[in-house]
Amino acid sequence: MEYQLCPSILSADFNRLGEQIKALERAGVKWLHIDVMDGDFVPSISFGMPVIRSIRKESHLFFDVHLMVTAPERYIRDFVDCGADSVTIHAEACEDLERAIQLIRDAGAQVGISIKPATPVNDISHFLEDVDTVLIMTVQPGFGGQKYIQDCTEKIMELKELIDKEELEVNIQVDGGINDETLETVIKAGANLIVAGSYVFKGDLESNTRAIRKKIETISGEVE
Ligand code: DX5
Ligand code: ZN
């Protein structure tokens, strides 16, 4: 599997967003994690299409858009049109997950589905063949800077086992509370797409990013 650090711009300084994305690019990042919150599926509101459209003009990174939005099927086409390369929707937010997955495919983007910490892997296990990525939330979605929920490690392992058993090529992404202590745990459990907000943006962005990418490379090299 391809291992990627996916910095979450939720922790960016929005006054310097373009500049910070350039720093991530210089440090070798390929995926940019973009958290969209609607104040309904999650308590907070972040940003939406206009911001994505603006940064799309200046960046060739892979835009990984994480929709923490109720009934996200209403907006899939809009997010792809403004620059999403991958769209991740929450299983809990969709009345008809199968249809929502199809809408993302029809719009021409990669498909991600996500589950919150309390949602069992079993709820999405019959969709594995239809998606590119499963995002296991490792904190309650809604805010950056929270503590990793330890119980989620088992869910990553369970998902990894299912994917391997079915011989599928599905990315396992983790999001929330990733830092020096939890990075190794999630990679060894089976995650290959690592979202990180505060871990990347707190302090010197470019040197943090280089160091974290190096750590991911080292740890993933130890996973058979
Ligand atoms: C939380 C968002 C995350 C968040 C992660 O709901 O989905 O992407 O930015 O932030 P950290 O890495 O600081 O926990
Ligand atoms: Zn996210």
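This one's a predicted model, so the numbers in the text were calculated from it and none came from an experiment. Ligands are counted one by one from 1 in listed order, and the atoms in each one are counted from 1 as well.
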Practice problem: For the Zn ion (ligand 2), find the closest N/O/S atom on His66 and give its atom name. | Solution: ND1
Quiz item: Does Val139 have a non-hydrogen atom less than 4.0 Å from ligand 1?
Solution: no
Quiz item: For ligand 1, does Tyr199 get within less than 4.0 Å through its side chain, its backbone, both, or neither, judged by non-hydrogen atoms?
Solution: neither
Quiz item: With a 4.0 Å heavy-atom cut-off (strictly under), which part of Ser8 contacts ligand 1: side chain, backbone, both or neither?
Solution: side chain
Exercise. List the closest protein heavy-atom neighbour of atom 7 (O) of ligand 1: residue, atom name, distance to the nearest 0.1 Å.
Key: Asp175 OD2, 2.8 Å
Quiz item: Is the backbone of Lys202 close enough, under 3.5 Å, to the side chain of Asn208 for a donor and an acceptor to pair up by distance?
Solution: yes
Self-check item: Considering only N, O or S atoms of His33, the one closest to the Zn ion (ligand 2)
Solution: NE2
Self-check item: Val195 N/O to ligand 1 N/O under 3.5 Å
Solution: no
Quiz prompt | atom 6 (O) of ligand 1 [closest protein heavy-atom partner, distance rounded to 0.1 Å] | solution = Gly142 N, 2.7 Å
Quiz item: How far is atom 14 (O) of ligand 1 from its nearest protein heavy atom, and which residue and atom is that?
Solution: Gly177 N, 2.8 Å
Exercise. Just give me the atom name: the N, O or S atom of Asp175 closest to the Zn ion (ligand 2).
Key: OD2
Quiz prompt | Donor-acceptor contact below 3.5 Å, side chain Ser11 vs main chain Ser198 | solution = yes
Quiz prompt | Residue and atom name of the nearest protein heavy atom (relative to atom 1 (C) of ligand 1), distance in Å to one decimal | solution = Phe143 O, 3.5 Å
Quiz prompt | Nearest protein heavy atom with distance in Å, relative to atom 10 (O) of ligand 1 | solution = Gly144 CA, 3.4 Å
Quiz prompt | Residue selection (non-hydrogen contact nearest atom 8 (O) of ligand 1) among Leu10, Asp35, Ile9 | solution = Asp35
Practice problem: Distance to 0.1 Å, residue and atom name: give those for the protein heavy atom nearest to atom 11 (P) of ligand 1. | Solution: Gly145 N, 3.6 Å
